[in-house]
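Below is one structure; the comments refer to it alone.
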Amino acid sequence: MNEKALFQLSYGLYVLTAAREGKQNGCIINTAGQVTNTPNRIQIAVNKANYTHDMIKETGEFTVSIISQKADFELFKRFGFQSGKDTDKFEGFKGYAVGANGINYITEGCNGYISVKVEQTLDLDTHTLFIGPVTDMEVLNDTPSTTYTYYQENIKPKPQAPQGGGNGKTAWVCKICGYVYEGEELPTDYICPLCKHPASDFEKTVR
Ligand code: FE
């Protein structure tokens, strides 16, 4: 069995937003899709560790903003690499508007949004699958949607080369955000300071 087959699946990227008691929050997901068309139903799978997960569980509503190829890395940092538990991800951010359901949708770096009312949930251990009909949706522009592959190749910053050219030293590069850890060995319990992904998401390179 070759687990790399999973990498052959194509994924889009989305800002998933929810609102509860006046607080707006959002996170980045790659697990959204249309599952029926009469009516139009959308499914999302959300990690239970995400603050947005709890907000959707309680309110039964969410909006998926579809990230386009014009999105910059800052959008991923803002919504993907910090937790809404201890930050206001919308602070100082102007690239959004309020949808008919009262939930912010993202206008910056996104080409459309879809709002959903949750009809069914399925417990999947680490994640919850939320499924429901579309309550509102709009196209924002015609920039193509990004895929995870496009993000990896074009949006994520390229690791910075060491000053003065290659030095032959070993470094570890985070595959998610491009952060570089200089050092021969990466501690097994290391957590990326930028995107919070574990040591297993780092790749060894010689600089
Ligand atoms: Fe990272």
Side-chain angles (χ1 to χ4, degrees), residues 3-18 25-32 44-55 64-93 95-96 106 108-110 124-128 145-207:
E3 286 193 14
K4 289 204 170 117
L6 293 170
F7 293 118
Q8 309 291 51
L9 287 168
S10 57
Y11 291 98
L13 287 167
Y14 313 93
V15 184
L16 171 68
T17 47
N25 189 42
C27 64
I28 306 275
I29 59 167
N30 64 353
T31 49
I44 53 164
V46 193
N47 193 310
K48 289 179 183 172
N50 282 343
Y51 187 50
T52 315
H53 170 276
D54 297 350
M55 294 171 80
V64 172
S65 299
I66 302 148
I67 302 179
S68 80
Q69 293 182 359
K70 283 215 181 109
D72 60 28
F73 189 59
E74 291 303 311
L75 187 75
F76 291 89
K77 273 164 70 178
R78 174 177 290 276
F79 288 102
F81 301 164
Q82 51 181 350
S83 173
K85 284 191 181 93
D86 34 60
T87 47
D88 175 2
K89 295 192 186 182
F90 283 93
E91 195 186 323
F93 183 63
Y96 69 92
I106 312 302
E108 184 182 301
C110 290
L124 299 174
D125 307 317
T126 55
H127 289 62
T128 300
S145 304
T146 189
T147 59
Y148 188 64
T149 307
Y150 187 90
Y151 164 80
Q152 285 288 344
E153 291 172 356
N154 300 287
I155 298 175
K156 186 177 85 176
K158 301 271 181 282
Q160 292 289 304
Q163 286 192 344
N167 56 14
K169 286 190 176 154
T170 302
W172 298 77
V173 179
C174 176
K175 287 190 276 186
I176 308 299
C177 73
Y179 180 83
V180 178
Y181 175 91
E182 308 265 3
E184 205 52 42
E185 289 305 323
L186 182 72
T188 50
D189 60 353
Y190 190 73
I191 303 287
C192 178
L194 187 53
C195 74
K196 314 290 187 280
H197 276 246
S200 55
D201 282 321
F202 279 74
E203 212 165 40
K204 191 176 185 175
T205 92
V206 175
R207 313 257 281 158

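Both counts, for ligands and for their atoms, begin at 1 and track the order of listing. If you read the sequence from its start, that first residue is 1, and numbering goes on from there.
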Partner of Leu13 under side-chain contact (heavy atoms from CB on, under 4.5 Å), picked from Thr147, Thr31, Asn30, is Asn30
Original post:
Is the gap between the ring centers of Phe81 and Phe73 under 6.0 Å?
Top reply: yes
| request: Assess the pair Tyr181 and Tyr190: is the distance between their ring centroids shorter than 6.0 Å? | output: yes
Smallest heavy-atom separation, Cys110 atom then Ile67 atom, equals SG-CA, 4.0 Å
Step by step, work out the side chain to side chain donor-acceptor pair (under 3.5 Å) result for Thr146 and Gln69.
CA-CA 5 Å; Thr146 189; Gln69 293 182 359; 5.8 Å; no
With sequence neighbours left out, the residues meeting ring pair (Phe, Tyr, Trp, His ring centres under 6.0 Å) with Phe90 are Phe79, Tyr96
Taken by chain and residue number, the protein N/O/S atoms under 2.8 Å from the Fe ion (ligand 1) read Cys174 SG, Cys177 SG, Cys192 SG, Cys195 SG
